[in-house]
Protein chains: 2
Amino acid sequence: MTHDEAHYRVLRMLQDNPDISQRELADALGVSVGKAHYLLRGLIERGFVKAGNFRRSNHKLGYLYKLTPSGIREKLNVTRRYLARREAEYKSIRAEIESLRAEMEAAARSGGDS
Amino acid sequence: MTHDEAHYRVLRMLQDNPDISQRELADALGVSVGKAHYLLRGLIERGFVKAGNFRRSNHKLGYLYKLTPSGIREKLNVTRRYLARREAEYKSIRAEIESLRAEMEAAARSGGDS
DNA sequence: AGCCCTGCGTTCACATTTTGAACGCAGGGA
DNA sequence: TCCCTGCGTTCAAAATGTGAACGCAGGGCT
């Protein structure tokens with residue numbers, strides 16, 4: 001996972017539901033708790049996310065990871081960059097798929113029995 | 001880089017030009033010499049690639065990494081798997097791009113000034 | 001012959017990255 | 001009161017990746 005991708009995914013996740021545990025976040029991102037914590041820490045230290053407490057609906061204590069205004073801006077920037085990257089990947093993957101198909105076909109024609 | 005992807009790329013590389021140094025291979029794959037060596041070793045030990053010596057056109061000593069028959073079969077299998085994976089990625093990336101675009105648009109409409 | 005230069009495969013100690021078990025803490029229920 | 005749960009946090013260990021350094025062998029030079 002890229003730096004931008006990780007940040008995008010975290011920011012997106014938090015924006016959609018600020019009440020989320022680091023473990024849930026880790027799960028959603030498919031990374032370890034340690035790493036999720038590390039990512040979150042980075043965003044907090046850079047002022048993009050503010051952590052606070054709140055009471056969950058049923059009186060359970062929980063944390064809140066809320067995007068700050070600069071966090072919202074950052075998320076936009078990160079999304080823009082990530083989108084551009086994905087678009088580039090999309091184009092290149094299409095080319096590769098065509099090339100792979102041609103290659104398979106050629107192989108089938110030459111050594112066609114298995 | 002995936003396991004399959006790495007193997008596909010190595011086998012493809014060797015099939016196209018069996019005369020190639022591990023450093024060139026490393027360069028082509030964008031990995032370190034150590035890793036290229038490790039990958040190559042794996043393929044050789046599993047009998048997919050046979051290493052031999054040969055004389056380069058201008059009397060320089062070189063190595064030859066030639067795909068064995070089973071190596072050719074393996075390459076076909078690996079290519080098939082890799083292609084399937086890429087096709088899946090292609091579909092999912094398209095969906096993600098659409099979602100990203102929608103997200104950017106929505107953000108532009110709501111907090112439209114920067 | 002001797003010598004050096006180059007490029008080869010190979011090694012391996014190191015750096016980087018990732019993991020997840022373990023800890024302390026705090027609220028809620030029995 | 002005492003546990004149980006789930007939280008953030010830590011950090012030693014595992015996994016992965018790196019590239020400088022080594023020995024070796026052929027080719028070109030004097």
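Each chain gets a letter, A, B and so on, in the order its sequence line appears, and its residues count up from 1.
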Inset, instruction - Would you mind telling me which of D/dT9, C/dC8, C/dT11 lies closest to the side-chain atoms of A/Gln22? - result: D/dT9
Legend entry - Heavy-atom donor-acceptor pair, B/Glu24 side chain to B/Ser21 backbone, under 3.5 Å: yes
Inset, instruction - Verify side chain to side chain donor-acceptor pair (under 3.5 Å) between A/Glu103 and B/Tyr8, making sure each step is shown before the conclusion. - result: CA-CA 12 Å; A/Glu103 191 184 331; B/Tyr8 162 72; 2.7 Å; yes
Inset, instruction - May I ask you to verify if any side-chain N or O of A/Tyr65 is less than 4.0 angstrom from the OP1 or OP2 atom of D/dG8? - result: yes
Legend entry - Options C/dG20, D/dT18, C/dC8, nucleotide nearest the side-chain atoms of B/Lys35: D/dT18
Inset, instruction - Tell me which of B/Gly34 and A/Gly34 sits closer to the 5' end of DNA chain D, going by the nucleotide each one is nearest to. - result: A/Gly34
Inset, instruction - Would you kindly give the CG-to-C1' distance between B/Leu64 and C/dG7, to the nearest whole Å? - result: 16 Å
Legend entry - Polar contact flag, side-chain donor to acceptor under 3.5 angstrom, B/Glu96-A/Tyr82: yes
Inset, instruction - Would you indicate which nucleotide in D/dG8, D/dG17, C/dT19 comes nearest to any side-chain atom of A/Val31? - result: C/dT19
Legend entry - Pairing of B/Arg94 and B/Glu89 as salt bridge, 4.0 angstrom limit: no
Inset, instruction - Could you check whether A/Arg23 gets within reach of a base, just the sugar-phosphate, or nothing at all, counting any heavy atom under 4.0 Å? - result: base
Inset, instruction - From the options D/dG19, C/dT10, C/dG9, select the nucleotide whose nearest atom is closest to the side chain of B/Ser32. - result: D/dG19
Inset, instruction - Can you tell me the distance, in whole Å, between the CG atom of A/Asp19 and the P atom of D/dG6? - result: 16 Å
Legend entry - Integer-rounded Å distance: D/dT18 P and B/Asp27 CG: 12 Å
Inset, instruction - Nearest whole angstrom, please: distance from the C1' of C/dT16 to the NE2 of A/His3. - result: 15 Å
Legend entry - Atom pair distance, as rounded to whole Å: OH in A/Tyr38 and P in D/dC11: 16 Å
Inset, instruction - Would you mind reading off the distance between B/Leu29 atom CG and D/dG17 atom P, rounded to a whole angstrom? - result: 12 Å
Legend entry - Nucleotide C/dT18, atom P - distance to CZ of A/Arg41 in whole Å: 19 Å
Legend entry - Contact under 4.0 Å: A/His37 side-chain N or O vs D/dG8 OP1/OP2: no
Inset, instruction - Output yes when a side-chain donor or acceptor of B/Thr2 lies under 3.5 Å from a complementary backbone atom of B/Glu5, and no otherwise. - result: no
Inset, instruction - Consider the side chain of B/Val33, meaning its heavy atoms from C-beta on, and name the nucleotide among D/dT9, C/dG9, D/dG19 that approaches it most closely. - result: D/dG19
